[in-house]
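It should be emphasised that the depicted structure is a prediction, and the values quoted were computed from it without experimental measurement.
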Number of protein chains: 2
Amino acid sequence: MRRMTARPANAHQARLLRLLRDGGPNSRAQLGDQVDLSRSKLAVEVDRLLETELVVADGLAASRGGRRSHNIRLNPHLRFLGVDIGATSVDVAVTNAELEILGHINQPMDVREGPVAVFEQVLSMAAKLRASGLAEGFDGAGIGVPGPVRFPEGIPVAPPIMPGWDGFPVREALSQDLGCPVMVDNDVNLMAMGEQHAGVARTVHDFLVVKIGTGIGCGIVVGGEVYRGTTGSAGDIGHIQAVPDGRPCACGNRGCLEAHFSGAALARDATEAAEQRLSPELASRLEANGTLGAADVAAAAAAGDATALELIREGGNRTGQVIAGLVSFFNPGLVVIGGGVTGLGHTLLAAIRTQVYRQSLPLATGNLPIVLGELGPTAGVIGAARLISDHLFSPA
Amino acid sequence: MRRMTARPANAHQARLLRLLRDGGPNSRAQLGDQVDLSRSKLAVEVDRLLETELVVADGLAASRGGRRSHNIRLNPHLRFLGVDIGATSVDVAVTNAELEILGHINQPMDVREGPVAVFEQVLSMAAKLRASGLAEGFDGAGIGVPGPVRFPEGIPVAPPIMPGWDGFPVREALSQDLGCPVMVDNDVNLMAMGEQHAGVARTVHDFLVVKIGTGIGCGIVVGGEVYRGTTGSAGDIGHIQAVPDGRPCACGNRGCLEAHFSGAALARDATEAAEQRLSPELASRLEANGTLGAADVAAAAAAGDATALELIREGGNRTGQVIAGLVSFFNPGLVVIGGGVTGLGHTLLAAIRTQVYRQSLPLATGNLPIVLGELGPTAGVIGAARLISDHLFSPA
DNA sequence: CTACTTTTTCCACTCACAGGACAAAGGCGC
DNA sequence: GCGCCTTTGTCCTGTGAGTGGAAAAAGTAG
């Protein structure tokens, strides 16, 4: 179970590895078309990569009319682990070097139990995936946590919803436990990287990803790179004031967006509406399950329940108002909406769009798509795999 | 009056030119300490730069104990023109290659008269500076305009306060008239570059510059580079909603920040207060001048006028609220306040700070200075010179 | 089988660059 | 003033990256 520890020796090799990751198997000639290197130089670098076993030869490429060429591909035995820790559940997935998901487990969990308990669970999930024959070991792992991270060290800093994680050396600890390189980032940033790699944001360089889950966060991509801010807390839009003198928020202020719309706020509002008998649909669901969540509201709305629709619409308006401000400020080329509440679907999206298109200036909104994420719950783990592969596929 | 048309031939030369621009004259040895090149290579590149006359030898350097060395400096005959077009006035300045201002003229002007009239005035101002012996000609010019710009082409796009400029080929036209390379950018971006080059933001990589003049705009610097957004309208924060259902704004919406606080809004509020006899101080000033501006409010506030102070405080609160949102989102390392209202000074700053520190989370505000710009009205022209020098001091 | 492509390998040549040797020019202690 | 040390500037050669042409290898189309 020895793993590949080799790293690209120079920028050319790193470039080639990324091309193979993003474009799949390629012949030497096809690679040559993309990298602006002489054939000889390219051949040398490919040979060196073959020596390190980071890439392997893999059959014949499709003929383009002349001599048939051999394909080069990333070593099919390479395995990355993607971990996406949410507030109430955790996703663990195994990918190959092309970041295709080979296996994916989701389990409920509570971050507030602290890093030790959570990582115990994560490690057992990883072991389960390994046991099922998907991987003999991992060449790298990306971890997403629901809070700000000091990125270079991979350490959460002052995370509001996960006390007990503050200062815990996630990167180092997991690197020990897994025996492979580890990178840690905010879950929203990973979602952005996921949508950038395999989702709706493949061709855009500057975009925002708004994740509405238990809380609300925003991933910022500038020039194709995730922007994390000075202290790693960029994108923390949940506590932007959406309603002057609005509801009290856990952060101590009033009217925070997150207090008015988020998975948690929505669940509370729905329960309240059900208890007050404003919505028969929600009331019956509350009775059936004992608790209500975003999914229940989505179902009620789909059934035409007026109260549920109104909740979604109002939340969408609030969110849209905040996003409108961000659009004016940031002038992105795309806004992606994702997270647990994606199930609310078009009603939510329509409300957000209405606000943004109404409030921001035409120059910024003129050609601005606002869309739902394409990858759903896999965005995070794909982003995590992408994170560690970016790290490993860069010059040592 | 032949000008230097040479450009650095490679990245090393560009690097050296920028070092000399930012650090002033240096000996070969001192340059060597900063660039990580072998002495031989460095000597070759310096010699080539000397050949092109972009740099010149300039006397002996201070002794560091051994053989005394000759200083190298940027050609002292190089001249850049910095032009900062505001809504109601225009600044034109001449700098040397080290971006030191050699001469500076400010004149009132109205952008709404259109590009042809404005540039006529700008050209005559430039001619005046040249006639005074400060320059024989210009090696490059940077132009700032108060609206969004399609940066690569140097063309204003859909600028709200300067109709008639939409699509006018500023860069090309001025390049013809001046006979030198020209770059065009938003005035706020130039202010940010100015403060970055010679002001408070010298050591920060990610920061915001909020310019409160006739309107309100924001310069965004990410990783030391100005961020302009997908369509060049990034930083357009004047039309973010600050007051739900607030005052009507020229843009068609209600409650825009700019409608509630800006040079124009402040002048209107002050005039109103004076006419309603709420403030004797402002009333007497109105009577004396026939009109009121930010400077009058500043003076009244300095004299202890309660109404003026209240206007400033309320404007600062509104601005601070919007900035608080931007700080949560962007997590900058510094916020600079500048523009015409800087004269309102500490009262304004205190109001803004209060709001930001109250509303944004500690992780983002913990070590976040919010300060006034250091350069005042010269920030724009220095930024303009910096813009064109960055362009010229990059590999051809 | 022939003519033409495309792919791959081989090889000679260029060029950027590093770094050592050495010369030039100064400071400093004696 | 004199030797010794330090710093600066110049020269020169070796090395390794990279280019591009030629030719070989392995196909396809007619």
| request: Begin with the C-alpha distance, continue with both residues' side-chain angles, and end with the deciding distance and a verdict on ring-ring contact (aromatic ring centres under 6.0 Å, His included) for Phe330(B) and Tyr227(A). | output: CA-CA 9 Å; Phe330(B) 185 70; Tyr227(A) 171 77; 4.8 Å; yes

| task | Verify salt bridge (charged side-chain N to carboxylate O under 4.0 Å, His left out) between Arg150(B) and Glu153(B), making sure each step is shown before the conclusion. | result | CA-CA 6 Å; Arg150(B) 209 156 66 221; Glu153(B) 297 93 351; 3.3 Å; yes

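Remark: C1' of dA18(C) and CD of Glu45(B) are 14 Å apart, rounded to the nearest angstrom. In this structure, the CZ atom of Arg28(A) is 15 Å from the C1' atom of dA26(D), given to the nearest Å.
For a distance-only test at 3.5 Å, the side chain of Ser40(B) qualifies as a donor-acceptor partner of the base of dG19(C).
Only at 4.0 angstrom or more do the heavy atoms of residues 15-24 of chain B sit from any atom of DNA chain C, so none qualifies.
Contact between the side-chain N/O atoms of His70(B) and the OP1/OP2 oxygens of dA25(C) is not found at any separation under 4.0 Å.
With sequence neighbours left out, the side-chain hydrogen bond (donor to acceptor under 3.5 Å, both in side chains) criterion links Glu172(B) to no other residue. With sequence neighbours excluded, the residues that form a side-chain hydrogen bond (donor to acceptor under 3.5 Å, both in side chains) with Gln13(B) are Glu45(B).
Arg18(B) places a side-chain N or O within donor-acceptor distance of the main-chain N or O of Asp390(B), the cut-off being under 3.5 Å.
Contacts of Arg39(B) with the nucleic acid, taken as non-hydrogen atoms under 4.0 Å apart, include base atoms.
No donor-acceptor contact under 3.5 angstrom links the side chains of His12(B) and Asn10(B), judged on distance only.
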